[in-house]
Number of protein chains: 2
Amino acid sequence: MSRQEATHTHRIPLNRDRVLRAAVALADATGIDALSMRRLAQELGVVPMALYKHVANKEELLDGMVDTVVGEIDPPAAGPDWQRVVRGRILSARRVLLHHPWAARVIESRTGPTPTVLAYLDSMAGSFRDGGLSADLTHHVMHAMGSRLLGFSQELFATSGPSGPPDPGLAAHYPHIAELAATAAHDGSSTVGGGCDDQFEFEFALDLLLDGFESLRRQSWTSARKA
Amino acid sequence: MSRQEATHTHRIPLNRDRVLRAAVALADATGIDALSMRRLAQELGVVPMALYKHVANKEELLDGMVDTVVGEIDPPAAGPDWQRVVRGRILSARRVLLHHPWAARVIESRTGPTPTVLAYLDSMAGSFRDGGLSADLTHHVMHAMGSRLLGFSQELFATSGPSGPPDPGLAAHYPHIAELAATAAHDGSSTVGGGCDDQFEFEFALDLLLDGFESLRRQSWTSARKA
DNA sequence: TTGACCAGTGTACGTCGTACACCTATGCTC
DNA sequence: GAGCATAGGTGTACGACGTACACTGGTCAA
């Protein structure tokens with residue numbers, strides 16, 4: 001065992017994690033468009049096909065990169081003030097995304113969320129629930145936050161099929177998300193099957209912002225107060 | 001002149017507009033990933049290189065497609081209530097984007113806005129100004145709307161260089177945007193050069209939403225009122 | 001010693017965007 | 001009408017890309 005790296009030209013073997021880290025670093029350095037399997041392999045001193053022993057294909061590589069980035073977001077701080085908790089976490093997410101400028105676009109291009117992303121969203125929903133927001137309100141609030149949570153738009157929760165009971169395994173791992181999915185399912189007002197009423201969610205956030213703007217206008221708000 | 005289409009196998013010549021329309025239709029039908037210059041040429045009964053007589057390259061094709069889509073958004077309705085005007089226009093933009101599901105991602109991938117997009121944003125800013133919002137507030141409001149206006153994120157206004165006076169031609173064509181750029185330039189609080197304080201803009205929208213959520217929570221808001 | 005297993009290799013295919021040289025019919029000028 | 005520039009369409013070719021598939025060599029359990 002001690003001669004693991006004894007034989008002189010013996011490379012440390014690749015693994016999924018090294019591949020993902022290298023991919024993130026390469027995307028940071030040269031942009032997402034310059035990230036090809038061939039360039040990445042070259043960076044790792046390996047032939048392109050070697051990568052496929054560690055990721056199934058490029059899509060899975062991108063999924064893994066997203067997970068790596070989402071993993072950099074700070075866990076929620078403890079504290080009684082839910083707004084402080086959520087605010088801090090979202091600003092952490094923003095810092096991470098600013099550090100990996102390609103990430104927002106990649107996240108948006110994914111078709112389904114990975115478990116890592118689901119866990120992040122679940123934890124975020126948990127912060128709202130802990131702050132005393134109802135499951136119903138939390139649901140709409142999560143939609144309203146939309147891209148500010150991560151760069152996602154509203155069809156995130158369409159993952160659960162159009163009918164039938166939600167995956168029971170989901171509830172075990174992501175209790176808050178399961179709860180939100182449940183409220184969406186049995187208040188199914190305008191949509192026929194399960195899933196959310198995207199139009200309602202859009203207007204919910206839009207009106208919240210427009211009302212906020214009008215309120216600022218009435219009080220002659222100016223950004224100078226911040227200086 | 002009368003024999004313009006007389007000679008039997010004479011194709012109607014292509015033009016930029018026909019190319020763009022066909023590209024939009026193809027993307028609508030088969031998804032943006034299936035849109036290649038070769039597939040598009042085939043759809044038009046033409047050899048791939050023929051397209052390059054009408055668009056410089058694929059990037060310009062995508063720009064043109066975005067313009068086509070943005071051109072479908074309704075003009076602002078007239079009316080004294082600025083919230084109604086803005087709301088209606090944004091919902092129109094949303095309808096258009098729902099009709100072209102690929103568009104949001106393409107818009108976000110563009111590096112700089114086209115004149116058509118600038119005109120749309122200028123007109124939107126004009127609606128806020130007409131509603132009595134100050135130039136300062138309008139500026140932040142435009143940022144806060146962010147992706148809800150079209151799918152853009154905040155670095156939109158970074159187009160004007162980091163220093164020097166803004167393009168005088170810009171003011172003529174896009175007076176409201178020029179006005180916003182001006183307010184951003186000479187209140188330059190935390191950023192060194194010109195441009196916006198993206199961090200401030202992000203927190204502005206974030207806090208507006210968080211405060212709105214807290215207010216709903218206090219009044220035990222529930223979405224059932226909508227039913 | 002054998003043989004299964006696994007990380008890494010090499011070759012090859014089909015697709016992509018597009019540079020470049022070429023053709024050909026249109027329509028302008030004399 | 002004769003001559004000719006020009007715009008629109010063609011054909012060939014190149015260098016990327018993602019990845020299927022068959023392989024090789026080194027490790028370790030039996």
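Lettering follows sequence order; numbering is per chain, from 1.
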When you compare the protein's N or O atoms with those of nucleotides 17-22 of chain C, which come within less than 3.5 Å of each other, and at what distance?
residue	atom	partner	partner atom	Å
dG17(C)	OP1	M37(B)	N	3.3
dG17(C)	OP1	K58(B)	NZ	2.9
dG17(C)	OP2	M37(B)	N	3.0
dG17(C)	N7	R38(B)	NH1	2.3
dG17(C)	O6	R38(B)	NH1	3.1
dG17(C)	O6	R38(B)	NH2	3.4
dT18(C)	OP2	Y52(B)	OH	2.9
dT18(C)	OP2	K58(B)	N	2.9

Could you give the [atom1]-to-[atom2] distance, from [X] to [N], as a whole number of Å?
X: E60(A); N: dT19(D); atom1: CD; atom2: C1'; answer: 14 Å
X: L51(A); N: dC6(C); atom1: CG; atom2: P; answer: 19 Å
X: L61(A); N: dT19(D); atom1: CG; atom2: P; answer: 10 Å
X: L44(A); N: dT9(C); atom1: CG; atom2: P; answer: 11 Å
X: D33(A); N: dC16(C); atom1: CG; atom2: P; answer: 18 Å
X: N15(A); N: dG8(C); atom1: CG; atom2: P; answer: 9 Å
X: L40(B); N: dC16(C); atom1: CG; atom2: P; answer: 12 Å

Handout entry: Phosphate OP1/OP2 of dG8(C) contacted by H54(A) side-chain N/O (<4.0 Å)
Key = yes
Practice task
Indicate whether any N or O donor in one side chain lies under 3.5 Å from an N or O acceptor in the other, for D63(A) and T114(A).
Solution key: no
What I want to find out is whether [X] reaches [Y] closely enough, with some N-O distance under 4.0 Å, to be called a salt bridge.
X: E59(B); Y: R110(B); result: yes
X: E43(B); Y: R38(B); result: no
X: R129(A); Y: E179(A); result: yes

Problem - Residue pair T30(A), R39(A): steps toward the side chain to side chain donor-acceptor pair (under 3.5 Å) verdict - result: CA-CA 10 Å; T30(A) 68; R39(A) 281 275 289 121; 4.7 Å; no
Practice task
Check the surroundings of atom CZ in R21(B): do more than 12 heavy atoms from other residues, nucleotides or ligands lie under 6.0 Å from it?
Solution key: no
